[in-house]
Participant: 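My questions all concern the structure below.
Since we're looking at a predicted model, the values are computed, not measured. These numbers come from the heavy atoms of this one structure, side chains and all, not from hydrogens, waters or symmetry mates. In listed order, ligands and their atoms are each counted from 1.
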Amino acid sequence: MLKVLKAVAAAAGLNFEFTSYDLGGERYLRTGDTLPDSVIDELRGFNAIYLGAIGHPQVKPGILEKGILLKLRFTLDQYINLRPVILYPGVDTPLKDKGPEEINFIVVRENTEGLYAGAGGFLRYNTPDEVATQESINTRKGVDRCLRFAFELTRKRNQAKKLTLCGKTNVLTYAFDLWERAFKAMAVEYPDITTDYAHVDATCMWMVKNPEWFDVIVTDNMFGDIITDLGAMIQGGMGVAAGGNINPAGVSMFEPIGGSAPKYTGKNVINPIAAIAAAQMMLDHLGEARAAAAVETGIKTVVAQHLKSLSAGKMGYRTTEVGDLVARYAVASLGG
Ligand code: IPM
Ligand code: MG
């Protein structure tokens, strides 16, 4: 990803300054800390943050996720998690009769509340009478700012101009009652946008059966987590799925949405497209539309003309070779 970004930046006449932070499993095992507050303070000062995937086979699940990823999202108030689902040309999908025309939507996932807020607790911990609760926190302000972003994005995309609220109003009758009321109230301000509602389970079904029904989907944190893994699969796999954690008024952070896949560490076999596509989203967010478009051209050309598969070890190329190819086509499209 750095290679492509640097090549495109040079060809597009952009000047990036990079600062690296040693965060993650290795550091945690060495020092016992995940993310010092001083680092967060420094990160506030950057134009954007690029996060490599985190995870380590020797670290208990939850420590790095909560200590680094979720902590960054929450403290930097990156209240939107933006995750495009795009079928690149030439890519095989389980939905074989659907093509790039039919699979092109984006999920706006609320990113700081819901079940992720950490509300709940244990009663009679580790006894036969144990009770564990985990509550979904939905604030009107938090829901409204997420919906606002989604309506504005739907307008800006200017495609089907359709915004679907994905919820579970039939069961989660408090949380999604709030979401639905807020959604309907805001829809009045956007007469140009068609609004729609789907339960989360039906959303999953239609994402596979009729993905062309979707333009923008807005949903809460937990459902957004789940449906974007499905989204990653219908666009060909985790190897191409990128996302952005957006604070429209602060520092945003971009990442491949899959995990770190430790079994492939150092093998030079994983697909770097997801990481590169996250850099493309970052360029777009920074207002560098031309450079972003060049990266997109690079990705599309490489998946259409070179990769035999999007899966690790089956691409027909090494990770570094894929990066080289994307960089080459991206730069060429800029006339470099
Ligand atoms: C994601 C991941 C994270 C989440 C985990 C690693 C905490 O699944 O970015 O979708 O649940 O948000
Ligand atoms: Mg997830």
Participant: Take atom CG of D33 as the centre, draw a 6.0 Å sphere, and report whether it contains more than 12 heavy atoms from other residues, nucleotides or ligands.
Facilitator: yes
Participant: For Y174, does the OH atom have more than 12 heavy-atom neighbours from other residues, nucleotides or ligands under 6.0 Å away?
Facilitator: no
Participant: Does the gap between the ring centers of F223 and F176 come in under 6.0 Å?
Facilitator: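 Yes, the ring centres sit under 6.0 Å apart.
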Participant: Assess the pair Y317 and H306: is the distance between their ring centroids shorter than 6.0 Å?
Facilitator: yes
Participant: Checking T219 side chain against C166 main chain: does a donor-acceptor pair fall under 3.5 Å?
Facilitator: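 Answer holds: yes.
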Participant: Using modelled atom types and a 3.5 Å cut-off, is there a donor and acceptor pairing between side-chain atoms of N111 and backbone atoms of Q78?
Facilitator: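 Indeed, once roles are kept as given, a pair shorter than 3.5 Å links the two residues.
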Participant: Distance under 4.0 Å to a non-hydrogen atom of E65: what atoms of ligand 1 satisfy this?
Facilitator: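 Going through ligand 1 atom by atom, the ones under 4.0 Å from E65 are 6 (C), 7 (C).
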Participant: Starting from atom 11 (O) of ligand 1, find the nearest protein heavy-atom neighbour and note its residue, name and distance.
Facilitator: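 Answer, as residue, atom name and distance: Y116 OH, 2.6 Å.
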Participant: Taking the Mg ion (ligand 2) as the reference point, name the nearest N/O/S atom of D225.
Facilitator: OD1
Participant: Are K66 and ligand 1 in contact, using a heavy-atom cut-off of under 4.0 Å?
Facilitator: no
Participant: Output yes if D229 passes the N/O/S-under-2.8 Å test against the Mg ion (ligand 2); output no otherwise.
Facilitator: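 Checking the Mg ion (ligand 2) against D229, no N, O or S atom falls under 2.8 Å.
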Participant: Give the atoms of ligand 1, by number and element, whose distance to some non-hydrogen atom of R109 is under 4.0 Å.
Facilitator: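 Answer, ordered by atom number: 1 (C), 4 (C), 10 (O), 11 (O), 12 (O).
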Participant: Return the residue, atom name and 0.1 Å-rounded distance of the protein heavy atom closest to atom 1 (C) of ligand 1.
Facilitator: R83 NH2, 3.3 Å
Participant: So which heavy atom in the protein is nearest atom 3 (C) of ligand 1, and how far is it from that ligand atom?
Facilitator: L69 CD2, 4.1 Å
Participant: Starting from atom 2 (C) of ligand 1, which protein heavy atom do you reach first, and at what distance in Å?
Facilitator: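 Minimum-distance protein heavy atom for atom 2 (C) of ligand 1 reads D225 OD1, 3.9 Å.
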Participant: Report yes or no: do N138 and S136 form a side-chain donor-acceptor pair below 3.5 Å?
Facilitator: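 There is such a pair between these side chains.
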Participant: Is the shortest N/O to N/O distance between R73 and ligand 1 below 3.5 Å?
Facilitator: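 Indeed, backbone or side chain, R73 has an N or O that close.
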